[in-house]
Amino acid sequence: MAPELLEKKEKKKRETGLRPLDNVGPDGVVMRFAPNPSGPLHLGHARASFLNDYYVRKYGGRYVLRIEDTDPKRVNEENYQLLLDDIEWLGLDISEIVYQSDRLDIYYEYCEKLISIGGAYVCTCDAEAFREKKNAKVACPCREQDPETNLRMWQAMLDGDYAEGTITVRVKTDIEHPDPAMRDYSIFRLVDSPPHPRCDARLYPLMNFSVAVDDHLLGMTHVIRGKDHIANTRRQQYIYEYFGWEMPEYFHYGRMSIEGVVLSTSAMKEGIAQGTYTGWDDIHLGTLKAIARRGFKAEAVRNAMVDIGIGQTDISFSWENLFAANKALVDPIAPRYFFVSNPVSCIIEGAPEIVAEPCLNPNDAAAGCRRLPFTGTLYAPADEIQKAGMVRFKDLFNVRIEDDAGTPVFVYAGSSLEEARRGHAPIIQWLPKGETVQCTLHTPNGPVDGLCERGVLNKYDKVIQFERVGFARVDEVTEHHVSAYFAHR
RNA sequence: GCUGCUAUAGUGUAGGGGCCAAUCAUGCCGGCCUUUCACGCCGGCGACUGGGGUUCGAAUCCCCAUAGCAGCACCA
């Protein structure tokens, strides 16, 4: 082949994965995932964490899990563990964990520096009054205080001489900046209550300050976060410039909604309180706990999120994309079983007693088979035997359904698969009488009661496929009952 | 109100002046394979928001319009 054709072919071949990063040093990249512990993680967090994780794995370097817990009103004890559990499930390549609540002294130190170089001032204006001035591009009197005065007031803040809501520290930006979001924003506040679960403090940095200081001190080279932070990036630029620091490279991905679910932590919390949802792992939610319960693999979520990428376009994520990603992972390994919903007991006239041996996994002969002994009566799904005609019970034999004055009669019709195919007989799942266990399949449309094979009893916490129904995770097993959570077909 | 970002098939994505009558995945339809309506294979369907401009040439650059989103907290 001619060289230029080869080259063309090469160009045609798309590079898989995310676009390469610029400014990657010899030691790779330093990136972060920075959730705040106000509830469990959901698919939105998964996107942020996997995008960053992708690049750290690609280029090497460090991946910092930074827990942003500087708002005592929004953190509580148990959320930390919830968060760490979710992180573990995701399987991120985390190299270190940093709690911002451990670093208050650092923020104090840098704030003092910023004040002393004239980059920030202490403001005692009423928040509402300041907002009106700011919107009118008018500076407040505090802005003119000299650094010495500001430092004195800062010390008084530290000493506890002020009450919550009466004082703040503002970065001196440009009070006439065309973007009102940029004008002299706050970077510290006092919080009297509730007490912080991890530290004894009243004075807390606001995120624009703690984030800027930490990103610099922890050596971030690249930051990937949602576009709700675009304005924050520009605000933080003032801090970087005052300190003479070099900014990391930023990417802001667009807003992601997911069909049919709410991702807002507060909305989910409310739904749980009202009983709309059973808990954080309710099957209708987009939390990681919910999708883990349904048997989705973290790897599938990762693949789906990397496929979405870091585009700034707002997207509406479809479950189908996640279903496909998960199926690719789970189909090769999930053992197959029969689940019969709304079981109807059927006596098959004239049928021989035989043992069916369906494969546990048609893609993997080594997985072996189940043994389903037929002794005259079986259970069939009610929906499948409504109309007269021929059906084939999978791996067993054919049956002709005849209507005897409204009562269906099942007549053995031979074991020829060929014949069943020729007659377009549905091949359906079934269960031998006496070899079943009660099974509830929880789906987003509600629970479905039925029977399943006894083999499912020892598949606790495993992802299985109910043939012709779909993939599910075995959530609970007792002696006579199985509870499974449906994922997708 | 002010500031900013974005706009490619149902969904997600590639493409950043000619190689684009536009990529890939998913979805849907048809066929094959197969004791699952799974997997796999083959074929098909389906998109550059609208209008101007620049240019020999625009999905790609510019402007306007429209739509969506984000920010304007002493939350993150």
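Protein chains get the first letters and strands the later ones, always in sequence-line order, with residue 1 at the start of each. Below, each value reflects all heavy atoms present in this structure, side chains not excepted, and no hydrogens, waters or symmetry copies.
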Of the options Y204(A), Y110(A), W154(A), Y107(A), which is the one that meets F188(A) in a ring-ring contact (aromatic ring centres under 6.0 Å, His included)? W154(A)
With heavy atoms under 4.0 Å as the rule, sort [X] into base, sugar-phosphate or nothing.
{"X": "A127(A)", "result": "base"}
{"X": "G165(A)", "result": "base"}
{"X": "P37(A)", "result": "nothing"}
{"X": "N208(A)", "result": "nothing"}
{"X": "F471(A)", "result": "sugar-phosphate"}
{"X": "I428(A)", "result": "nothing"}

Grab the CG-P distance between D174(A) and C72(B) for me, whole Å please. 18 Å
Looking at A38(B), which nucleotide sits across from it as a Watson-Crick or G-U wobble partner, both distances under 3.5 angstrom, or is there none? none
Partner nucleotide of A47(B) by Watson-Crick or wobble geometry (both distances under 3.5 Å): none
[X] side chain, from C-beta outward: closest of [options]:
{"X": "E467(A)", "options": "U36(B), A70(B), G12(B)", "answer": "U36(B)"}
{"X": "D314(A)", "options": "U3(B), G68(B), G12(B)", "answer": "G68(B)"}
{"X": "D228(A)", "options": "C39(B), U34(B), A70(B)", "answer": "A70(B)"}
{"X": "Q312(A)", "options": "G12(B), U6(B), A38(B)", "answer": "U6(B)"}
{"X": "D395(A)", "options": "A76(B), U36(B), U35(B)", "answer": "U35(B)"}
{"X": "R183(A)", "options": "C2(B), A70(B), G12(B)", "answer": "C2(B)"}
{"X": "P180(A)", "options": "A76(B), C2(B), U11(B)", "answer": "C2(B)"}

Does C74(B) have OP1 or OP2 sitting under 4.0 Å from an N or O in the side chain of R170(A)? yes
Counting C-beta onward and ignoring hydrogens, is there a side-chain heavy-atom pair between V75(A) and Y80(A) closer than 4.5 Å? yes
Does a distance-only test, which skips hydrogens and angles, find a donor-acceptor pair under 3.5 Å between the side chain of Q465(A) and the base of U36(B)? yes
Step through the shown structure and confirm whether more than 12 heavy atoms of other residues, nucleotides or ligands are within 6.0 Å of NZ on K462(A). no
Tell me which pairs pass salt bridge (Lys or Arg N to Asp or Glu O under 4.0 Å) where either residue lies in residues 415-428 of chain A, with sequence neighbours left out. none
Can you tell me, in whole Å, how much space there is between the C1' of G18(B) and that of A76(B)? 47 Å
